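Let me begin by presenting the structure, written as structure tokens, before commenting on it.
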Amino acid sequence: MTVITHNRRRSRLSKIIDEAGGFSVGTALANAKANLDALQPRCAAEVADRVAELAAIVPPETPEQATAALGVAYRAANGVIDSVGPFGMDDIRAVALGLCDLIDAVTPERPFDWRVLPVYAQSLQLLLALPDDADARRMVRESLDKMVDRKLGSAA
């Protein structure tokens with residue numbers, strides 16, 4: 001029986017990974033935070049654009065218009081969720097997620113209540129304007145959570 005052996009060449013990437021050097025974890029985290037901080041104004045502008053898009057939606061008159069308008073509202077709410085994700089804006093993310101939940105619960109038997117859309121747009125605008133530690137932020141979110149629970153509870 002013959003056994004063939006050969007020397008395996010180490011890849012350049014494996015050498016780089018095994019060697020010491022580069023950044024320390026602390027430095028890498030500080031750099032990442034600085035990069036995120038630089039992106040936060042752009043995130044705020046994106047959220048403001050998506051909220052304005054939500055506020056501009058008018059209640060539709062036909063089922064076809066309703067489907068299109070719900071698609072726009074869902075994409076705008078998802079845009080808010082995506083934009084605030086890395087920045088710790090959990091209350092804004094939760095409010096946008098509540099709107100997505102309401103849109104997801106729509107069925108032909110239970111149409112979307114178009115009165116909630118301006119409420120969500122105004123609530124998101126308010127959350128963007130309030131200071132981070134405001135007790136009012138908690139109250140806005142709790143009120144919207146109660147509304148979602150009532151709407152989804154009645155759909156069950």
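Since the model is a prediction, treat every value here as computed from it, not as a measurement.
- Annotation: side chain of K146 is not in contact with side chain of D149 (no heavy-atom distance under 4.5 Å).
- The distance from the CD atom of Q65 to the OG1 atom of T67 is 10.0 Å, given to the nearest 0.5 Å.
- To the nearest 0.5 Å, the span separating OG on S83 from CD on Q40 amounts to 11.5 Å.
- Nearest heavy-atom pair across A73 and I103 is CB-CD1, 3.8 Å.
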Would you please test N78 and R75 for side-chain contact (heavy atoms from CB on, under 4.5 Å) and show each step?
CA-CA 5 Å; N78 265 331; R75 281 188 297 279; 5.6 Å; no
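- Between P60 and W114 the shortest heavy-atom distance is CD-CE2, 3.3 Å.
- With hydrophobic clusters built from ILVMFWY side chains whose heavy atoms lie under 4.5 angstrom apart, V51 does not share a cluster with L97.
- Neither L128 nor M139 shares a network with the other; the hydrophobic side chains, linked directly or stepwise wherever heavy atoms of I, L, V, M, F, W or Y lie under 4.5 Å apart, form separate groups for each.
- Using a 4.5 Å heavy-atom threshold, the side chains of V80 and L99 count as separate.
- By the side-chain contact (heavy atoms from CB on, under 4.5 Å) test, V116 is found to be paired with L102, F112, D113, Y120, M147, K151, residues two or more places apart in sequence or in another chain being considered.
- For R50 and E46, the salt-bridge test passes: some basic side-chain N is under 4.0 Å from an acidic carboxylate O.
- Heavy-atom minimum distance, A77 versus A96: O-CB, 3.7 Å.
- Note on R137 versus D91: salt bridge recorded, some NZ/NE/NH1/NH2 to OD/OE distance being below 4.0 Å.
- The two residues F87 and L36 come nearest to each other via the heavy atoms CE2-O, 3.1 Å.
- In the hydrophobic cluster analysis, where Ile, Leu, Val, Met, Phe, Trp and Tyr join through side-chain heavy atoms closer than 4.5 angstrom, L54 is grouped together with L130.
- Residues L126 and I81 are members of separate hydrophobic clusters, defined by side-chain heavy-atom contacts under 4.5 angstrom among Ile, Leu, Val, Met, Phe, Trp and Tyr.
- Atom-to-atom distance recorded for R42:CZ and L39:CG is 5.5 Å, nearest 0.5 angstrom.
- Applying the side chain to side chain donor-acceptor pair (under 3.5 Å) test to N35 and every residue at least two apart in sequence or in another chain returns nothing.
- Cluster annotation: V95 is connected to M89 through the hydrophobic network of ILVMFWY side chains, with a link wherever side-chain heavy atoms come within less than 4.5 Å.
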